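One structure below.
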Amino acid sequence: MKEIRFEHVSKSYGKTEVVKDLNLTIKEGERLILLGPSGCGKSTTLRMIAGLEDVTSGSIYMDKQKVNDVPSGKRNVAMVFQNYALYPHMKVIDNITYGLKVKKMSADEIKHRTDAALEMLQLKQYKDRLPKDLSGGQRQRVALARAVVKQGDCFLLDEPLSNLDAQLRVSARKELVKIHETFKQTLVYVTHDQTEAMTVGDRIALMYQGKLQMVDTPDNVYHRPANIFTAKFIGSPPMNVVDADFQQDKLLFNKQALQLSPEWSRFIQETGATELAFGTRPEHIHLSKIPLDNSITGQVKQVENHGSSYGVYLDVEGQEWIAMSETKNWLPNETVHIEIRMDKIHLFDKETTNSIGYPKNFYGE
Amino acid sequence: MKEIRFEHVSKSYGKTEVVKDLNLTIKEGERLILLGPSGCGKSTTLRMIAGLEDVTSGSIYMDKQKVNDVPSGKRNVAMVFQNYALYPHMKVIDNITYGLKVKKMSADEIKHRTDAALEMLQLKQYKDRLPKDLSGGQRQRVALARAVVKQGDCFLLDEPLSNLDAQLRVSARKELVKIHETFKQTLVYVTHDQTEAMTVGDRIALMYQGKLQMVDTPDNVYHRPANIFTAKFIGSPPMNVVDADFQQDKLLFNKQALQLSPEWSRFIQETGATELAFGTRPEHIHLSKIPLDNSITGQVKQVENHGSSYGVYLDVEGQEWIAMSETKNWLPNETVHIEIRMDKIHLFDKETTNSIGYPKNFYGE
Amino acid sequence: MKTNRFASIPWHILFIGLIIILIFPIIFAIGTSFKPLQDAYNNVLNFIPISPTLENYQTFFESLDVVKITFNTFIIAATVTLFKVFTSFLAAYAFVFFHFKGKNILYFVLISTIFIPFSVTMIPNYLVISDLGLADSVWGVILPQLADAVGIFLLRQSMKTIPVSLIEVARLDNLGHARIMKDIVLPLVKPAVTSTGIWFFILSWNEYVWPVLILKTVDNYTLPLALQMYISSEGGTNFTVAMAVAVITMIIPLTLYLLFQRYIIGTFTSSGIK
Amino acid sequence: MKTNRFASIPWHILFIGLIIILIFPIIFAIGTSFKPLQDAYNNVLNFIPISPTLENYQTFFESLDVVKITFNTFIIAATVTLFKVFTSFLAAYAFVFFHFKGKNILYFVLISTIFIPFSVTMIPNYLVISDLGLADSVWGVILPQLADAVGIFLLRQSMKTIPVSLIEVARLDNLGHARIMKDIVLPLVKPAVTSTGIWFFILSWNEYVWPVLILKTVDNYTLPLALQMYISSEGGTNFTVAMAVAVITMIIPLTLYLLFQRYIIGTFTSSGIK
C-alpha cells in the first residue's frame, strides 16, 4: 500500500523517446489503469515501477523514497505478466510458493497464504498440475495467485487478460476487482482495451505516443474527454469529431448550421475560439426521414449491423459521421435529418486538440 | 462466382474430429461468415474449400463439380491469410503480380488489374516497398490486393483483420464490403469476432466444437437465436440465460414469477415444454428502485462502467443476471426491481438447448 | 498442410543417394568386422560376411589392454564434456541475460573460433602442454579442451527461447543469479544441456589428431588411436581387425545417442523448450 | 530487461578463461610463424616475436608447389560444398514441406549419422574409392562427401521458420515445387544456405584424416597435409614453418568468414528469417 509518484520521468531507447516527461501520482490503494494503443509507452511505464527498466531522466517515488536506483527485488512489488510467466517445470503449488520459500518465510505462513489464494482463485484441485496442463484461464489465475501471496505493496498487471477469450475476460476482470477489494494494494493495470479500463479502473491514465493524455475517472474520461485523442479513443463506435465553425450562436458545417444553447454560445465567445472541432457520440444522434427542429442533413453511405442497433455511416458536408439507429431502414444515398443531443456535445480547439471545456452551470457546476 | 456446397463433410486429425457432419450451402456471390470461438473448426472448414486440407468424409461441391480431389491450384480461389502471407523478399508490386506472372497472363492484363487494385486499396505510393517497411494495415491491404487481382471464383478470408488494432479494423471491414460489392465473388470469411460477423456478413454460420449451430442473417442470429450457444455467443454483454419453470401462464424463478403474454403461454403449452431456459438481453431489462408491474427482484452484486451505460450484475434467486442501466446509482446488495421487455424474450428447451421458437403472430408471422 | 503425394522419381533418387552415401559405409564396416581377412579381400563390396567370425575381435582383445584403453577414452571424454558444458552454460547465461559493454563483439570473437582450423591451435597447445610436463598423459589431452564456442552457441540458442519474463519474475523475488541458473534456467534448458553434452562426449570419444600428438605410450592410448594403429599397420593386413575396433569404438556413442535420442532429436528439431 | 551491472569477479574470471583457451593459441600461432626457430625455442610462451622474420614463409614457398596445393584444397572444398548444400537443400525441403510415410524415421536415421565416428566409415569408403581407381586423386577425396546430415539439419531448421502460409499461397497459384524452391524458399533461406556452405567449405578446407588416406603424392596434397608434414618432421625442427603454413591455411577460411559474417552470425544467432 504505497503511493507511486512520477516526476518528469522520461525513458528513451537510443534516440527513441517512449515515455515523455511523465508526471503522475498513483494514489495509495487505488486501481489505476494505464490505457493506450500499442507502442504508447504504457508497458514501459509499468516496468519502470517494477524496476525492470531504468529511468532515463526524472524520478520515481514510492511514498517518500526515490526508487530510481532501488533494484527490482527490493521494491516489494508483485507483477502479473501478459504471458503469465509461470515456471513451466514447476507445479502450480511450486510456482506459487517458490518466491516465498527463497525468502525463507516460515512454512506456516506460506501455507496460510497459499491456501487462501488457492481458495480465492478456485485453484485447489489444480495445485499439482504443471502449467502446460492448464487452460488459459487457469494459468492466468495461477499467475494472479502467485502475485497475491507475495502481498507486496504494489500490484502491477501487464495486459493480464489479453490472452483470454472474450467470455472469460468478463469473469476474470470481475475476479480481479474482487481480489483488489480484499487486499487494497495500490494496483496499476496496463491494457489497450477500453472496456477493461472502464470496468476495472478507479482512474484511467490514457497515454499516446509516450505522452499522458488525460488522467481521470472512467466517467470523466468518457463524458468529459480532455482532448480529441481521448474523445476518439474511448467509446465504440468512436465519437464523431468533425470540423466546425462558430458564428454568433451557431455551429456551421459548410452551409448547414446547428443552433447552440445560450450557455455554450456565451462560453465559446468567452474563450474566443473560432476554429473548432465538434464532437458528438454516435448514440447521441437521432436520425429521421422527416425534418426536425435544429437538425442538419446528411447522406447515408453504409449501414452496419451491430446486433442491438445499427451503425449508420453518413456523409455530412464531405465529412464522415456515424450514428447509432434502432432500425436499419436507411437506404444508400438517402438524405436523412440528423438531430443531436445538444446537452451531450463536445467542442475542441482544432489547433491544440484540447477540449475547450464546458459552460459553467451546464453540468451543475 | 460459384456456389459452394458441403455435404456431410467431416474432418479428423487422428482421433480428433474437428468438423462434424457439416451440411452448408454458400450461395453464389454472398458474403458468408464462419463465426465461432477458437478451435471450433471454422478455419479448417475454410481451408477445405481452398483444398489446403483433405476432406475425411463427405463431399464438397463448387457449382456442380465435386472438388474433393481437385488440387488447390486448380480451384481458382483467392485467399487472404491471417498473417497476410506476403513474400518477405518481394516488393509490394511483385507480391501482387507474382501469381499472375507464373500463369503467363499478358503484361497488359496484369498491369490493368494491378493498377485497379493499387488504386482501390490506396497502395500506389507503396508499390516499391518491401512488406517489412509497411504498417500492419498496409500489409493487410497488400494481401487483399493480391487476392483481388486473381479474380478467382471464391474469395476466402481467414481472420483477415485480427492483427489490426481496433480503430483500423472498423475502416478495414468497410473497405472489404466495398471490394466485395465491386467484384461480387462468393466470399467466405472466418472470424471469432461477433462485431465483424454482424457488420460484414450477409449470413452468419456459427460453429462450436466442430458442429454448425445456426446459419442465418445477422438479424436473425441476433434476434432469433436457434439455441443457447448462439444466444450467449452473440451480443455483448451476453444474453442472460437462466433456468425457469413454466406453470400455467407464468415463468417461475424459484419463488418469483413473471407473467407471460397469452401468445407465449398458449405456445409453450402447445410445445409441451416444462423445463425451460429463459433468455433476455441485458439491454431489454429495466431496473427500478420502486416496484413495477410484472417484475421480479434481485440483489445488486457489482456495477461496471461501460461508458455510455453501466452493467449491473444481479443475483436473482441464486442465478447471475446482468442488466444495462443508464445510471450507476446501484448499491451493492441493494434489492432492485427488474422489469423485462416481454416482447423480446427467448425460451429454450433445457435438454436440447434449442430455442422452442416463438409464438405465431408474435413477430407478425 | 494437405498431404503431398510424394511419389515422383527425382525425390526417390535423392533419398536413395543420401542413404548410400551416409548409411551404407556403416553397414559395410559392421559386416567387414565379422569377415576373415581373405573373405574381406575377395568380396570387398559384399557387406554380408560369407563365413562370419569373431577372430578380428579376438585379435584386438588379445593384443591390447582394451579395458585400460577404453577407460582412458572414457575419462578424457567425460572430463572434457563436463568442463565444456559447465563453461558454456555460464557463458551462455551471461550472453543471454546480461547486458554489458562489448558483449556482441566478445560473442562474435568467441564464435569466430569455431571456424579456426584445429591445426592452427594444435602446436601452440602442444608446446604449453609440454612445458607443463603433461605430455603423454590424459590430463594433457584434457587441458586445452575445457571450453568450446559451439557449446556457448548451442546453449545460448536454447536459453534465448526462455521468455525474459520468467527471469524478471525471479528478479522481482530478489533471486540471485546462482539461484536463477540452478532453479530456473537449468531445468528449462536440460534437453539442450544433455544433447550438447552428448555431442561433446562423442566428439571427444572419436578424436584422433590431438590425442595422437600427446599420447605416446600404447598404454595411454584411446580407442581411436588403437583403431588408427591397425588401419595404418604395414600391408593392410589388419584392416578387418580395424573394423572390429571401429565397431567397438562406435558402441558407446551409439548407445548414448539411442538412450538420449529423445533429448537430442528435441534439440535438433525444435529450439529447446516446448 | 534492465541493464545488469556486470561487474562481479567470477564472471570476469570465466571470460578471461574462455579467451585464454579459445583465442590465445591463435595469437600464439601467428606470433610464432614470424619467429626464427631459435627464438621460438627459447621463448615458447612469449607470443610476440623478438626479431620478426619471414623466413618460415619463405621456406614453405621454396620447398613446395604452394599454388598447386592451394588449388587442390580449393577444388575439393568447393565441389564438396556445392554438392552438400544442393543435396541438403532438396532433402530439407522434402522434410519440411512434404508429408510422406516414414518421414520421421528417415530423418532420425539420417541425423543419427552425425554421431557416427568418421573412423568407422573411413575404411569402407577407402575400399570403394580404391576399387573405382580414384586413389591419390582429388575426386577420390570428393566422392564420399556429396551429402552431409548436418546440412539437412541446418537447412531444415531454417526452412521450418518459413510460415507454411507462404507455401500455401504459392500452391493456390498452382506453382510447382521447382518454382516454389527457386522463387520463394531459396531467397528466404539464403542466409542459412550461405553460412551452411561456408561451414562445409571451411571444414573441408581444414580436413586432414580423410585426404591423407587418399592422397599419396605430395603434388596432390592439400594445405592441411602440407602443414602436418612440417609438424611431424623429424626433431621438430620445422615447427615455425608449420606455423607459417597454419597461418596461410587459415587465411582463406577467415577471409570467407569475415566477408559473410553478417549471414553467418545471422544464422548462428537467430533462426533464419527475421
Side-chain angles (χ1 to χ4, degrees), chain B residues 13 43 46-54 70-91 94-105 110 130-133 139 142-147 149-160 163, chain D residues 85 89 92-94 96-105 155-197 260 262-264 266-267 269-274:
Chain B
Y13 295 110
S43 276
L46 190 80
R47 292 168 58 80
M48 286 193 288
I49 299 175
L52 297 172
E53 300 282 349
D54 283 324
V70 176
S72 297
K74 307 274 186 195
R75 294 196 189 187
N76 198 20
V77 300
M79 183 157 169
V80 176
F81 289 79
Q82 181 168 11
N83 64 0
Y84 313 140
L86 301 178
Y87 300 125
H89 58 298
M90 293 187 193
K91 288 185 216 163
D94 297 326
N95 259 291
I96 295 174
T97 55
Y98 178 68
L100 306 179
K101 279 182 184 155
V102 297
K103 276 189 192 140
K104 304 208 169 20
M105 188 177 284
I110 291 177
L130 287 173
K132 69 179 165 61
D133 298 322
R139 282 180 210 175
V142 175
L144 268 182
R146 182 172 64 180
V149 295
K150 202 176 171 186
Q151 300 187 6
D153 295 323
C154 307
F155 205 77
L156 310 178
L157 301 109
D158 191 1
E159 304 258 12
N163 287 335
Chain D
V85 169
F89 185 87
Y93 181 82
V96 173
F97 297 111
F98 286 133
H99 294 259
F100 54 92
K101 229 180 136 181
K103 183 169 96 159
N104 291 334
I105 293 170
L155 293 183
R156 177 170 171 276
Q157 287 302 89
S158 180
M159 285 185 199
K160 274 174 66 186
T161 66
I162 298 177
V164 176
S165 56
L166 290 190
I167 311 301
E168 292 179 335
V169 167
R171 287 179 55 207
L172 287 171
D173 279 335
N174 207 18
L175 264 68
H177 289 298
R179 201 82 201 225
I180 293 177
M181 279 192 259
K182 183 175 134 299
D183 288 357
I184 297 161
V185 176
L186 181 57
L188 291 177
V189 299
K190 212 170 102 188
V193 168
T194 310
S195 51
T196 305
F260 292 96
R262 200 167 51 87
Y263 282 154
I264 298 172
T267 309
T269 50
S270 79
S271 47
I273 322 172
K274 72 167 179 185

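Note that the structure is predicted; figures quoted are calculated from it, not measured. Convention: sequence-line order gives letters A, B, ...; per-chain numbering from 1.
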Could you go step by step and tell me if D:H177 and D:F98 meet the ring-ring contact (aromatic ring centres under 6.0 Å, His included) rule?
CA-CA 10 Å; D:H177 289 298; D:F98 286 133; 4.6 Å; yes
Less than 4.5 Å to any heavy atom of chain D: does that hold for the side chain of B:L100, its backbone, both, or neither?
neither
So which part of D:L172 gets closer than 4.5 Å to some heavy atom of chain B, the side chain, the backbone, both or neither?
both
Can you see whether B:N163 engages B:Y84 through a side-chain donor-acceptor pair at a distance of less than 3.5 angstrom?
no
So CZ of B:R75 and CG of D:N174: to nearest 0.5 Å the spacing works out to 12.0 Å
The criterion is ring pair (Phe, Tyr, Trp, His ring centres under 6.0 Å); which residues satisfy it with B:F81, sequence neighbours excluded?
none
So, the part of B:K132 with a heavy atom under 4.5 Å from chain D: the answer is neither
